Number of protein chains: 2
Amino acid sequence: MLHIHKVSELTGVTVRTLRHYDQIGLLQSTSKTEGGHSLYSNGDLKKLQQIQFMKKIGFRLNEIKNMLNSSDWDWSDSLRNQLSYVKQEQENLNKMESALRELIHGMAIEDENNEIAIQKVMQLANSNKVLQQKYRRTLFKERELKLWKKVPNMTSDHPDTLEWIALIGQLKRFINEDPGCSNVQNIIRRMDEKRAETFGGETEFLDKLWDVRMSEKKSEQLGLYPIDQDVLEYMNAAYKIFIGKKG
Amino acid sequence: MLHIHKVSELTGVTVRTLRHYDQIGLLQSTSKTEGGHSLYSNGDLKKLQQIQFMKKIGFRLNEIKNMLNSSDWDWSDSLRNQLSYVKQEQENLNKMESALRELIHGMAIEDENNEIAIQKVMQLANSNKVLQQKYRRTLFKERELKLWKKVPNMTSDHPDTLEWIALIGQLKRFINEDPGCSNVQNIIRRMDEKRAETFGGETEFLDKLWDVRMSEKKSEQLGLYPIDQDVLEYMNAAYKIFIGKKG
DNA sequence: GCTTGAAACTGACGTTACGTCATTTTGTAT
DNA sequence: ATACAAAATGACGTAACGTCAGTTTCAAGC
C-alpha cells in the first residue's frame with residue numbers, strides 16, 4: 001500500500017494527475033485511510049500502467065475508463081499489443097534515422113531533392129500518429145468483438161435467443177401505444193434484466209443494436225436477427241422512459 | 001507555392017492547426033493571394049518541420065516562436081539534435097521491449113517480481129519524457145550561449161565595451177533624479193539604439209542583464225562588467241518609461 | 001463575363017487533461 | 001500536545017487545438 005506521493009515518485013505521474021484520475025473515477029485507489037487519504041495497491045499500479053499505454057496511443061481518458069471498467073478487459077492481450085507497438089515504433093525510428101541522415105547530408109545543397117527529403121521526414125514524424133491510430137483500432141476492435149460475441153446472436157440456437165425474440169415480439173404489439181404505459185414498461189424491465197445478465201455493466205447496449213441496424217452490412221456480417229427499425233425506435237423511446245423512472 | 005490543404009495533406013498537420021499557427025504568428029505563409037489565402041513555400045515547410053520536432057520534445061508554441069524568430073537559429077544544429085534524439089529513443093525502446101517481454105513472461109505468476117517489472121515498464125515509459133527534457137535543455141542552452149556571446153562582454157576589448165561603460169557611467173550621474181527627465185531618456189534612447197544594433201529583435205535584453213545581476217555566479221562565469229544593482233534598477237525604471245513613450 | 005461548387009477565411013465558443021494556487025484536513029514524529 | 005509535512009478539496013487558469021456557422025475567394029466550365 002503506497003500513498004499518492006510515493007506512487008508519483010515511482011511512476012513519474014504527477015500527484016495532480018493521480019488525483020484527477022481519482023476524481024473522474026478512472027483510477028480510484030483500492031483503499032483509503034479513515035481520513036480519506038488514498039492508498040494504492042499493486043493492482044492499481046498495473047491499471048496505471050495500462051492507462052499510460054492507452055493514453056500514449058491516443059485514447060481519451062473517458063474511453064480508457066470505459067474499456068478498463070468493462071469486465072472483460074484482458075490485461076495480457078493488451079501487453080502483447082504494447083510489445084508489438086513498441087516493435088513497430090522501432091522500425092519507424094529506423095526509417096526516421098535514415099531520412100534525417102539524408103536531409104543532413106544534402107543540407108548544404110539547396111535543391112529539389114531537399115524538398116523531398118523534408119517531406120519524408122515530416123511524414124515519418126506523422127507515421128507515429130498513424131501507428132497510434134492503428135493500435136487504437138486494434139484494441140478497440142478486439143474489445144468490440146468480445147462485446148459482439150455476447151450480443152444474442154439470433155441465428156444461433158443460443159437459449160437466450162428465443163427469449164429475446166419473444167420480448168421483441170411482445171413489444172411489437174404495443175407499437176402504436178404510449179411507450180410509457182405499464183405494459184410496455186414491464187417488457188422493457190424484463191429486457192433490462194436480461195441485458196444486465198448478459199452484458200454486466202455495459203450500458204451502451206441499445207446504442208450497439210442501433211448501430212447494427214443503421215448499417216445493414218454489420219448485421220449481415222454478424223448474422224443478427226433483423227429487427228425492424230420502427231420497433232427499435234419504439235424500444236429506444238420506451239427504454240429512455242424506463243431509465244428516467246429508474247434514475 | 002502550396003495552398004493550405006495541400007500542405008496539410010503532405011505533412012499530416014491539420015488545416016486548423018496551420019491556421020492556428022498563422023494566427024499566433026508562429027508560421028505565417030510567405031505569400032498570400034490578394035484575397036488573403038495562404039501560399040506556403042518550401043522554406044515554410046522547413047520551418048514546419050522544425051516546429052514539429054520542437055513540439056515533440058516538449059516545447060510550447062510560444063517558446064518555439066521565440067526560438068525560431070531569433071535571428072541566429074541554426075537549422076543544421078537542430079537537425080543534428082533531432083538525429084541524436086532519435087538514436088536515444090531507439091535505445092529506450094529497446095529497453096522497453098525487454099521490460100515488456102519480462103512482464104509478459106512472468107504474467108502467469110503473481111509475485112513480487114511482477115511488481116518490479118511493472119515499475120520498470122512504467123519508468124521506461126517516462127524515460128521518454130526525461131529524454132525530451134534533456135533535448136529541450138540542450139537546444140535551449142545552445143541558444144542561450146549564442147545570446148550570451150552577443151551580450152557585450154565587458155572584460156574583452158570589444159569596441160562596444162567602452163561605449164556601454166560610458167553610457168552606464170553617464171546614467172550613474174543622474175541616479176538621484178527623475179528617470180523620466182530628458183537627460184536620462186536621451187541616454188536610454190542611445191542605449192536602446194545600441195541594443196537594437198547588437199541584439200536585433202531580441203527584446204529580452206534587459207531581463208537578461210537583470211538575471212545576471214540576480215545570480216552572482218552567472219556574471220562571474222561570463223566575466224561581465226559588474227553593474228551595481230541600484231544602477232540597474234534605475235536603468236530598468238528609465239527604460240520602462242522610455243518604452244511607454246515609444247509604444 | 002458569369003455561375004457555381006469546393007476550398008479558404010473569420011470569428012466564437014467548446015474541450016481535454018491537466019497546472020496552479022489558496023485553504024483546510026489529516027497523518028505522524030517528538 | 002504540538003508542530004509540521006503530506007494529502008485533500010475547490011476553484012479558476014491554460015495550451016493547443018476541435019467544431020461549428022457564416023462569409024468570401026478561387027478556379028473551372030459555359
Side-chain angles (χ1 to χ4, degrees), chain A residues 1-41 44 47-48 50-68 125-126 128-129 132-133 136, chain B residues 1-41 44 47-48 50-68 125-126 128-129 132-133 136:
Chain A
M1 289 301 163
L2 308 162
H3 22 260
I4 201 167
H5 192 74
K6 198 72 188 169
V7 174
S8 165
E9 202 176 282
L10 283 174
T11 63
V13 176
T14 68
V15 172
R16 170 67 235 238
T17 299
L18 288 170
R19 202 163 356 261
H20 182 56
Y21 291 172
D22 188 16
Q23 266 188 22
I24 65 175
L26 173 57
L27 178 68
Q28 265 145 354
S29 58
T30 37
S31 54
K32 306 211 168 195
T33 68
E34 60 170 288
H37 287 197
S38 295
L39 293 175
Y40 292 85
S41 71
D44 296 337
K47 203 169 172 183
L48 185 52
Q50 289 288 335
I51 291 169
Q52 294 285 90
F53 171 64
M54 295 176 74
K55 253 190 55 187
K56 198 174 185 177
I57 62 178
F59 280 104
R60 274 170 245 163
L61 295 188
N62 53 33
E63 294 173 318
I64 299 178
K65 185 180 165 187
N66 281 331
M67 300 183 73
L68 291 184
N126 269 316
N128 151 3
K129 275 187 204 161
Q132 288 174 0
Q133 278 204 14
R136 235 162 49 207
Chain B
M1 288 301 162
L2 308 161
H3 20 260
I4 201 167
H5 191 75
K6 198 72 188 168
V7 174
S8 165
E9 203 176 281
L10 284 173
T11 63
V13 176
T14 68
V15 172
R16 170 68 234 237
T17 298
L18 287 170
R19 206 169 348 268
H20 182 57
Y21 291 173
D22 189 16
Q23 265 188 22
I24 65 175
L26 173 57
L27 178 68
Q28 264 144 354
S29 58
T30 37
S31 53
K32 306 212 169 194
T33 68
E34 58 171 288
H37 287 197
S38 295
L39 293 175
Y40 292 85
S41 71
D44 296 336
K47 204 170 172 183
L48 185 52
Q50 289 289 334
I51 291 169
Q52 294 285 89
F53 171 63
M54 296 176 74
K55 254 191 54 186
K56 198 172 184 178
I57 62 178
F59 279 104
R60 274 171 245 163
L61 296 188
N62 53 33
E63 295 172 318
I64 299 179
K65 185 179 165 186
N66 281 331
M67 300 183 72
L68 291 184
N126 270 317
N128 151 4
K129 275 187 205 160
Q132 288 174 359
Q133 278 205 12
R136 238 163 46 206

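Note that the structure is a prediction, hence the values are computed from the model and not measured. Chain letters run A, B, ... following the sequence lines, proteins first, then strands; residues in each count from 1.
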From [atom1] of [X] over to [atom2] of [N], roughly how many Å is that when rounded to an integer?
X	N	atom1	atom2	result
B:N62	D:dC17	CG	C1'	15 Å
A:R19	C:dT25	CZ	P	16 Å
A:D22	D:dA8	CG	C1'	10 Å
B:K55	D:dC17	NZ	P	4 Å
B:H37	D:dA27	NE2	P	9 Å
B:M1	C:dA7	CE	C1'	19 Å
B:H20	D:dT19	NE2	C1'	15 Å
B:I4	C:dT10	CD1	C1'	12 Å

(message) Applying a 4.0 Å non-hydrogen cut-off, can you work out what B:H5 is touching in the nucleic acid: base, sugar-phosphate, or nothing?
(response) sugar-phosphate
(request) Classify the nucleic acid contact of A:K6 as base, sugar-phosphate or nothing, counting any heavy atom under 4.0 Å across all strands shown. (result)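 No contact.
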(message) Tell me whether the side-chain N/O atoms of A:T33 come closer than 4.0 Å to OP1 or OP2 in C:dT26.
(response)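 Checking C:dT26 against A:T33, no side-chain N or O comes under 4.0 Å of OP1 or OP2.
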(request) Would you please confirm or rule out a distance under 4.0 Å between OP1 or OP2 of D:dC17 and any side-chain N or O of B:Y21? (result)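 B:Y21 to D:dC17 OP1/OP2: side-chain N or O found under 4.0 Å.
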(message) Distance check, rounded to the nearest 0.5 Å: A:L26 atom CG versus A:N66 atom CG?
(response) 10.0 Å
(message) For the CD atom of B:E9 and the NE2 atom of B:H5, what is their distance to the nearest 0.5 Å?
(response) 5.0 Å
(message) Counting only heavy atoms from other residues, nucleotides and ligands, does the tally under 6.0 Å from NZ of B:K6 exceed 12?
(response) no
Taking the side chain from [X] and the backbone from [Y], do they hold a donor-acceptor pair closer than 3.5 Å?
X	Y	value
B:S8	B:V13	yes
A:S41	A:M1	no
A:K65	A:I24	yes

(request) Please evaluate the base of C:dT20 for a donor-acceptor partner in the side chain of A:R16 within a cut-off of under 3.5 Å? (result) yes
[options]: which one has an atom nearest the side-chain heavy atoms of [X]?
X	options	answer
A:S38	D:dG18, D:dA16, D:dA8	D:dA8
A:H3	C:dG19, D:dA7, D:dA16	D:dA7
B:T17	C:dT26, C:dG19, D:dG18	D:dG18

(request) Please report how far the helix from C:dG1-D:dC30 to C:dT30-D:dA1 bends, comparing the axis fitted to its first five pairs with the axis fitted to its last five, to the nearest 10 degrees. (result) 20°
(request) Report the residue (B:V15 or B:Q23) whose heavy-atom-nearest nucleotide on DNA chain C is the more 5′ of the two. (result)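 So the residue in question is B:V15.
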(request) Please report the closest heavy-atom contact between A:M54 and A:M67, naming both atoms and the distance. (result) CE-SD, 3.6 Å
(request) Determine the minimum heavy-atom distance between A:K32 and A:S38, stating which atoms define it. (result) NZ-OG, 3.8 Å
(request) Could you say whether B:R60 or B:E34 is positioned toward the 5' end of DNA chain D, judged by the nucleotide with the nearest heavy atom to each? (result)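 It is B:R60 whose nearest nucleotide is closer to the 5' end.
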